[in-house]
Peer 1: 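The following block contains the structure, expressed as structure tokens.
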Protein chains: 4
Amino acid sequence: MPDRVAAVEDKRALIRGAAVRAFAKKGYHACRVSDIAEEAGVAYGLVYHYFGSKEAVLETVFRETWQLMLNAIQAVEELGEPAPEQIRKVAAIVLRTWRDDPDLVRVLVREVTRSPQLQNEIGEIVLAFQALERIIERGKAEGSFRADLDSRLAATMVYGALEEILTGWVMGQLPDSDEDVKAAERAVAATFAHGLGSVPG
Amino acid sequence: MPDRVAAVEDKRALIRGAAVRAFAKKGYHACRVSDIAEEAGVAYGLVYHYFGSKEAVLETVFRETWQLMLNAIQAVEELGEPAPEQIRKVAAIVLRTWRDDPDLVRVLVREVTRSPQLQNEIGEIVLAFQALERIIERGKAEGSFRADLDSRLAATMVYGALEEILTGWVMGQLPDSDEDVKAAERAVAATFAHGLGSVPG
Amino acid sequence: MPDRVAAVEDKRALIRGAAVRAFAKKGYHACRVSDIAEEAGVAYGLVYHYFGSKEAVLETVFRETWQLMLNAIQAVEELGEPAPEQIRKVAAIVLRTWRDDPDLVRVLVREVTRSPQLQNEIGEIVLAFQALERIIERGKAEGSFRADLDSRLAATMVYGALEEILTGWVMGQLPDSDEDVKAAERAVAATFAHGLGSVPG
Amino acid sequence: MPDRVAAVEDKRALIRGAAVRAFAKKGYHACRVSDIAEEAGVAYGLVYHYFGSKEAVLETVFRETWQLMLNAIQAVEELGEPAPEQIRKVAAIVLRTWRDDPDLVRVLVREVTRSPQLQNEIGEIVLAFQALERIIERGKAEGSFRADLDSRLAATMVYGALEEILTGWVMGQLPDSDEDVKAAERAVAATFAHGLGSVPG
DNA sequence: AATGAATGAGTTTTCATTCAT
DNA sequence: TATGAATGAAAACTCATTCAT
């Protein structure tokens, strides 16, 4: 029986993974259900068997992976380090995910952030944003960041900077070697440590 | 004769404007060509007469908007002011577009992801990016920005921050009164003036 | 499983046959995909499922018919009979197709002109032509045909004569009773046996 | 005034010539009215001004040029030479037209012969066929051709052979130098002189 | 669980033709 | 004469989804 369940999960995961690759390749809208099935090497009826609809596949991809990202960010928060260091670690998590699974990042970045439906239906994305906001808020409290800073706006800028770097990698417009990934991490950390900092130049 | 040409351009612009409103209202995907035509008050055949396809309408909107953006940014470049001030002015141009034409920004923000290649295909976007890069490069030369800064990466962060702020407004997650727009402009200017700055804290 | 495959082939053949009837009735141009589907008693989506496009249906009809023709002609070649007799048999094959499937011939004759490239794209037609050329070539070798004959040109004349007779039948300008078909076969055989012959008058 | 009429005729002829080239390039069906206009360098409204419809353009092309062919064939008849010689001269006329205006031949051969509407509407095409038939009939009377020959069928074969040679040239499958054209003429003449001849082998 | 044949609503797209200028 | 903007009927085509096997 457990084998049975495991087998089922395997096939589900197989299709989910194929969907990530297919969405990454052509974009969600341009991607037909049959493209997902073909990528997975199964008949497209099976996609419906496991996920019910094309949109549900995307939502599942998002929900199941964004949660991991969220957990990582919250773990950073709990260490209680200075805000700039926390920003650096968040940048590291987000950017290094690229190394681990570029296709996944491509989908998360491109499709999910801008989908009105997903935005509303899924609380997780808001939670990640709020975590970032809390970090900045605490930075202001501890004196690392300017007191007059609008935390929401600052979180938006940090998120945007990270997303655009990922996009640059996805689109092949930025170099993305291991060294480049680390350099990007340092650049983000430095820019916002000073850019949001309380005692600038 | 000039009247004739002008009339043609008017009608083209009429349809393009209608398309922006229609796309903003329902999204590109859910928007039928007949919706555009109806919004413009013309037969849908005319949309094909002027643009050739539904996708070409969207591409035109992107291309022509970015051309304006590009012109504005290049005008800023030519003033020869200090790099941080140039960044501030670019931010102002980009962000104030939201005030001037929210529907347009809504479409630009929501539909960038439509075609992964779209962004590369539209040379104007690339050129605008390069202008930003040049500004940062000049900032390094004049000593405003750190000499060890990766200009491409820095331009990416600035661009990302601006885009994400626009996204926040589009998605209704950031306040967007006139005052908020100005505050955002100042925040971006300050963050990157210091964040990229050569004599940080 | 073989049943499954066979069933699929049956359905495909069903639609192809319906297409031949529909094209013969109204002509390719005036024939809508839904006419084909209606003739076959299926939804028109199924035409796309099996053939991809309306034009592909026509191309398939051409290709598969010429494949049969080609096989028959090659079978004639392999008997190793004298060239004039081979010509006679080829004429019989081609002309009797009119009796066997007038709709098919009607479509082949009327729609050859549809796409100028069509004929070159369908390799089977080229191969059939080459078989005819080989027969004539062999006729020269065995002394049945004039040694100074241009085989390509001769094959062209034979092919043209056959096609024009079919056209005459299709257009209703030549009588086409069983007896007429046999007479035509004899006329072609005699004309080219003597016309290409090595010891004329 | 004569200038006025001449100018009108010039423009008409310009469009007709452009239509021939356009039809030759893409085939009648695939050819849009705007393609004709573009080829002529005029607005497509003008095509309607002079011809009324797309089909009327084709019919005009046919009528005005086929008449020339017909006159030439009838002139051959009137010389009263032996039938085989008349066949040779008809072949010469038809085939040499290729040299003079390949595009025109391409259109006549490909489009007109097989168009059911044109076939019915235009008597000239039948007249040419009948002239060929009369020549063969006379050949039987004078003893050049077999008495048991079906003249209609024989005319069909001759016509088909000529048409297919033209098609071969049009499609680039037969060499078409001046020398090849003459060789083809001789081949047709010889083949049918002997092939239809009264004292074969 | 797995397949892919079958459906058809809903689009996009074509293009001959009209007609105001 | 000449233009090409404007029309819209008519058709091709897409593809998510259902369901019998």
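Keep in mind it's a predicted model, so treat the numbers as computed, not measured. Proteins come first, then strands; the chains are lettered A, B, ... in the order of their sequence lines, and each starts at number 1.
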Peer 1: Let me spell it out: for each of B/S53 and C/V47, pick the nucleotide of DNA chain E with the closest heavy atom. Which residue's pick is nearer the 5' end?
Peer 2: C/V47

Peer 1: Select from A/R32 and C/Y48 the residue whose nearest nucleotide in DNA chain F is closer to the 5' end of that strand.
Peer 2: C/Y48

Peer 1: Give none if F/dA11 has no partner; otherwise give the nucleotide forming a Watson-Crick or G-U wobble pair with it, both distances under 3.5 Å.
Peer 2: E/dT12

Peer 1: Calculate the interatomic distance between A/K26 atom NZ and F/dC15 atom P; express it in whole Å.
Peer 2: 8 Å

Peer 1: Taking the nucleotide of DNA chain E with the nearest heavy atom to each, does D/A30 or C/A43 sit closer to the 5' end?
Peer 2: C/A43

Peer 1: Can we say B/E38 and B/R32 salt-bridge, meaning some charged N sits less than 4.0 Å from an Asp/Glu carboxylate O?
Peer 2: no

Peer 1: Do the numbers put D/K54 on top of the ring of D/Y28, so that NZ or CZ is under 6.0 Å from the six-membered ring centre and no more than 45° off the axis?
Peer 2: yes

Peer 1: Measure from CG on C/L46 to P on F/dA12 and round the result to the nearest Å.
Peer 2: 16 Å

Peer 1: Rounded to whole Å, please give me the gap between CZ in C/F51 and P in F/dC13.
Peer 2: 14 Å

Peer 1: Side chain of B/V42: nearest nucleotide among F/dT7, F/dT17, E/dT14?
Peer 2: F/dT7

Peer 1: Quick one: the side chain of C/Y44 and the base of E/dA9, do they pair up donor-acceptor inside 3.5 Å?
Peer 2: yes

Peer 1: Can you measure A/K54 atom NZ to F/dT14 atom P for me and round it to whole angstrom units?
Peer 2: 15 Å

Peer 1: Could you check whether any side-chain heavy atom of C/I36 comes within less than 4.5 Å of a side-chain heavy atom of C/Y44, counting everything from C-beta outward?
Peer 2: no

Peer 1: Rounded to the nearest Å, what distance is computed from the NE2 atom of residue A/H29 to the P atom of nucleotide F/dT14?
Peer 2: 18 Å

Peer 1: Could you tell me the Watson-Crick or G-U partner of E/dT21, where both distances fall under 3.5 Å? Say none if there is no partner.
Peer 2: F/dA2

Peer 1: Considering residues at least two apart in sequence or located in another chain, which fulfil the side-chain contact (heavy atoms from CB on, under 4.5 Å) criterion with C/R12?
Peer 2: C/E9, C/Y50, C/F51, C/T60, C/E64

Peer 1: Say whether, by atom type as modelled, one donor and one acceptor occur between the side chain of C/R110 and the main chain of C/G27 under 3.5 angstrom.
Peer 2: no

Peer 1: Rounding to a whole Å, what distance do you find between C/H49:NE2 and E/dG8:P?
Peer 2: 15 Å

Peer 1: Look at all strands and tell whether C/Y50 reaches a base, only sugar-phosphate, or nothing, counting heavy atoms closer than 4.0 Å.
Peer 2: sugar-phosphate

Peer 1: Quick one: B/K11 NZ to F/dT7 C1', roughly how many Å, whole number?
Peer 2: 11 Å

Peer 1: Just how far, in rounded Å, is C1' of E/dA1 from CG of A/D10?
Peer 2: 14 Å

